[in-house]
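The block underneath contains the structure these notes are about, expressed in C-alpha cells.
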Amino acid sequence: MSPWLEAVVRAVAVLAAFLSLPLLIGQTEHKVMAHMQGRLGPMYAGGFHGWAQLVADGVKFVQKEDIVPARADRWVFRLAPAVALIPYLVALSVIPLSPTVVAAKVDASVLLVLAVIGVGIIGTLMAGWASANKYSLLGGMRAAAQLVSYELPMVLSVASVALAAGTLSVVGIAEAWSPWWLLWQAPGAFVFLVAALAELQRPPFDMPVADSEIVFGPYTEYSGLRFAFFLLAEYAGIVVMSLLFAVLFLGGWAGPLEPWLGWVWTLLKGFAVAVLMIWLRVSWPRMREDQLQRLAWVWLVPIALLQLALTAVGVVMTA
C-alpha cells in the first residue's frame with residue numbers, strides 16, 4: 001500500500017470512529033439514565049428500547065433555526081463549536097487501540113493528547129465571550145477557572161505513569177503496563193478520572209452550564225446544529241478520556257488472546273470507563289464553585305504530587 005493511500009485509509013478510519021463512537025456513548029447515556037432514574041421517554045422512541053432516540057434528537061436539531069444574536073461577535077460565535085470539537089478528533093488519531101491499530105504514531109503522543117485536549121476548552125471560552133450575554137460570559141469564566149484548576153492534577157497523574165513506563169509514547173506506556181500498576185498507580189488514576197470529568201464539565205462539575213443558575217452558560221445563545229456540535233464535543237471528549245484512561249491505567253489491549261483481540265479489550269475497557277462517567281452524572285449533585293476549587297488544590301494536586309514522588313522512588317529502587 002502506498003504511503004498516500006495508507007494515510008487516506010487511516011484518516012477515514014479515524015473520522016468514522018469519531019462520528020460513531022460519540023453517538024454510541026450518547027445512546028448509552030440515554031439508556032443508562034433512563035434505567036437508573038426511571039425515565040420512560042427515552043425507552044419508547046422507535047420501539048425496542050428506544051433505539052431511535054438519537055435519530056429523533058438529530059432531526060430535532062436539524063429543524064431548529066440557526067440564530068446569531070444581534071450584538072454577538074459573529075465570526076467568533078460561529079467558529080466556537082468547531083474549535084471545541086476538532087481537538088478531540090486530533091487526540092483520537094494518536095490514541096492506540098493496539099500496538100498496530102493507531103492512526104498516527106507520534107513519539108511523544110501523550111504530550112500531544114494533553115495539549116490538544118487543553119485547546120478544546122478555548123471553544124467554550126469563545127462561545128461565552130462572543131455571545132454578548134452576561135450568563136454566557138459568566139459560564140465561560142467558570143470554564144476557564146476549571147481548566148486552570150484541573151489541568152495541573154491531570155498532567156501530574158499522566159506524568160506519573162509516563163515516569164513509570166520510561167516513555168512519553170502512549171503505545172510505550174501501555175506496553176510497559178503490568179497488573180500491579182492497578183495498585184501502584186491507583187491514586188493517579190483516581191486523580192485523572194476526577195480531573196477528566198471536570199475538564200469535560202460533566203456533573204458534578206457542570207458549574208459552567210448550570211441551568212438553574214446561568215441558564216446554560218456559554219451555550220445559552222446557541223441553537224440548531226451549532227448547539228448539537230457542542231453536545232457532540234462533550235461525547236467525543238468522553239470517548240477520548242475513556243480510551244486514554246483505559247490505555248494509561250488499565251493496560252489498554254492487555255487481555256486474553258491479545259494479539260488478535262487486543263483492540264477489542266481497549267474498546268471494552270474504554271466503554272466501561274464511559275459508563276462510570278455516566279453513572280457519576282446520575283449519582284452526584286452539582287458542586288459549588290468553592291468546593292470545586294478546594295477539591296482541586298487541597299486534595300487532587302497534593303495526591304498527584306505524592307503519586308509522582310512515589311513513582312519516582314519506585315523507579316529508582318527497581319532500576
Margin query: Test side-chain contact (heavy atoms from CB on, under 4.5 Å) on Ile278 and Thr28; report intermediate values, then the result.
Written below: CA-CA 9 Å; Ile278 297 171; Thr28 302; 4.1 Å; yes

Next item on the list: Go through Met33 and Arg281 one step at a time and tell me if the side-chain contact (heavy atoms from CB on, under 4.5 Å) criterion holds.
Entry: CA-CA 9 Å; Met33 293 181 65; Arg281 172 181 180 175; 3.9 Å; yes

Notebook entry, point to check: What's the verdict on side-chain contact (heavy atoms from CB on, under 4.5 Å) for Asp107 and Thr167, showing C-alpha distance, side-chain angles and the deciding distance?
Noted result: CA-CA 9 Å; Asp107 291 335; Thr167 178; over 6 Å; no

Note to self: Assess the residue pair Trp253 and Glu175 against the criterion (side-chain contact (heavy atoms from CB on, under 4.5 Å)); give the C-alpha distance rounded to whole Å, side-chain angles, the decisive distance to 0.1 Å, and a yes or no.
What the structure shows: CA-CA 9 Å; Trp253 46 87; Glu175 291 180 335; 3.9 Å; yes

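In this structure, the side chains of Pro204 and Arg286 stay at 4.5 Å or more apart for every pair of heavy atoms. In this structure the side chain of Leu243 reaches within 4.5 angstrom of the side chain of Leu92, judged on heavy atoms. Residues Phe245 and Phe192 are in side-chain contact: their nearest non-hydrogen atoms beyond the backbone lie under 4.5 Å apart. When side chains are defined from C-beta on, Tyr235 does not count as touching Leu23, because their heavy atoms never get closer than 4.5 Å. Counting heavy atoms from C-beta on, the side chains of Trp297 and Leu152 come closer than 4.5 Å. At least one side-chain heavy atom of Ile25 sits under 4.5 Å from a side-chain heavy atom of Phe271. Taking 4.5 Å as the limit, every side-chain heavy atom of Val239 sits out of range of all side-chain heavy atoms of Leu24. You'll find the side chain of Tyr219 reaches within 4.5 Å of the side chain of Thr124, heavy atoms only.
Rounding to the nearest 0.5 Å places OG1 of Thr266 at 8.5 Å from CD of Glu258. Taken from CG in Leu310 to CD in Gln185, the straight-line distance is 7.5 Å, to the nearest 0.5 Å. Interatomic distance, Phe229 CZ to Ile86 CD1, rounded to the nearest 0.5 Å: 10.0 Å. Atom CD1 in Ile95 sits 9.5 Å away from atom CG in Leu112 (nearest 0.5 Å). The CG atom of Leu15 sits 15.5 Å away from atom CZ of Arg10, with the distance rounded to the nearest 0.5 Å. Summarising the geometry, atom OG1 belonging to Thr220 is positioned 10.0 Å from atom CG belonging to Leu138; distances are rounded to the nearest 0.5 Å.
A donor-acceptor contact shorter than 3.5 Å is absent between the side chain of Gln293 and the backbone of Asp290. In this structure, Lys269 contributes its side chain and Gly252 its backbone to a donor-acceptor pair below 3.5 Å. Side chain of Ser93 to main chain of Ala103: no donor-acceptor pair is present (N/O by atom type, distance under 3.5 Å, no hydrogens or angles). The backbone N or O of Phe249 sits less than 3.5 Å from a side-chain atom of Trp177, completing a donor-acceptor pair.
Smallest separation of non-hydrogen atoms from Arg71 and Ala132: O-CB, 3.5 Å. Counting all heavy atoms, side chain and backbone alike, Ser131 lies closest to Pro218 at OG-O, 3.9 Å. Residues Leu85 and Ala236 share a closest heavy-atom pair of CD1-CB, 4.5 Å. In plain terms, the two heavy atoms of Ser109 and Val170 that are nearest each other are OG-N, 2.8 Å. Across all their heavy atoms, Leu156 and Val301 have their closest contact at CD1-O, 4.4 Å. Nearest heavy atom pair, residue Ser160 against residue Thr311, reads OG-OG1, 2.7 Å.
Tyr135 and Phe216 have their aromatic ring centers separated by at least 6.0 angstrom. Aromatic rings of Tyr150 and Phe205 (six-membered ring for Trp) have centroids within the 6.0 Å cut-off, being under it. Aromatic pair Phe18/Tyr88: centroids not less than 6.0 angstrom apart.
Neither Met241 nor Ile122 shares a network with the other; the hydrophobic side chains, linked directly or stepwise wherever heavy atoms of I, L, V, M, F, W or Y lie under 4.5 Å apart, form separate groups for each. Hydrophobic clustering places Val273 together with Leu182 (ILVMFWY residues linked when any side-chain heavy atoms are closer than 4.5 Å, directly or through intermediates). Val12 and Leu21 are not part of a single hydrophobic cluster, where members link through side-chain heavy atoms under 4.5 Å apart. At a threshold of 4.5 Å between side-chain heavy atoms, the hydrophobic network of Ile, Leu, Val, Met, Phe, Trp and Tyr places Val90 and Met154 in one connected group. Cluster annotation: Leu232 and Val119 are assigned to distinct hydrophobic clusters (Ile/Leu/Val/Met/Phe/Trp/Tyr, side-chain heavy-atom contacts under 4.5 Å, transitive).
At most 12 non-hydrogen atoms from other residues, nucleotides or ligands lie less than 6.0 angstrom from CH2 of Trp263. Heavy-atom neighbours of Phe61 CZ from other residues, nucleotides or ligands within 6.0 Å: above the threshold of 12. Within 6.0 Å of the CH2 atom in Trp129, the count of heavy atoms belonging to other residues, nucleotides or ligands does not exceed 12.
Remark: Asp66 engages Arg226 in a side chain to side chain donor-acceptor pair (under 3.5 Å) (not counting sequence neighbours).
With respect to the salt-bridge test (charged N to carboxylate O, under 4.0 angstrom), the residues Glu213 and Arg142 qualify. Contact check on Glu29 versus Arg202 returns a salt bridge, with a Lys/Arg side-chain nitrogen under 4.0 Å from an Asp/Glu carboxylate oxygen.
In this model, a donor atom of one side chain and an acceptor atom of the other lie less than 3.5 Å apart for Asn133 and Glu221. Using a 3.5 Å distance cut-off with no hydrogens or angles, the side chains of Ser223 and Glu65 do not pair a donor with an acceptor. Between Ser157 and Gln307, the side chains place no donor N or O within less than 3.5 Å of an acceptor N or O (distance only, hydrogens not considered).
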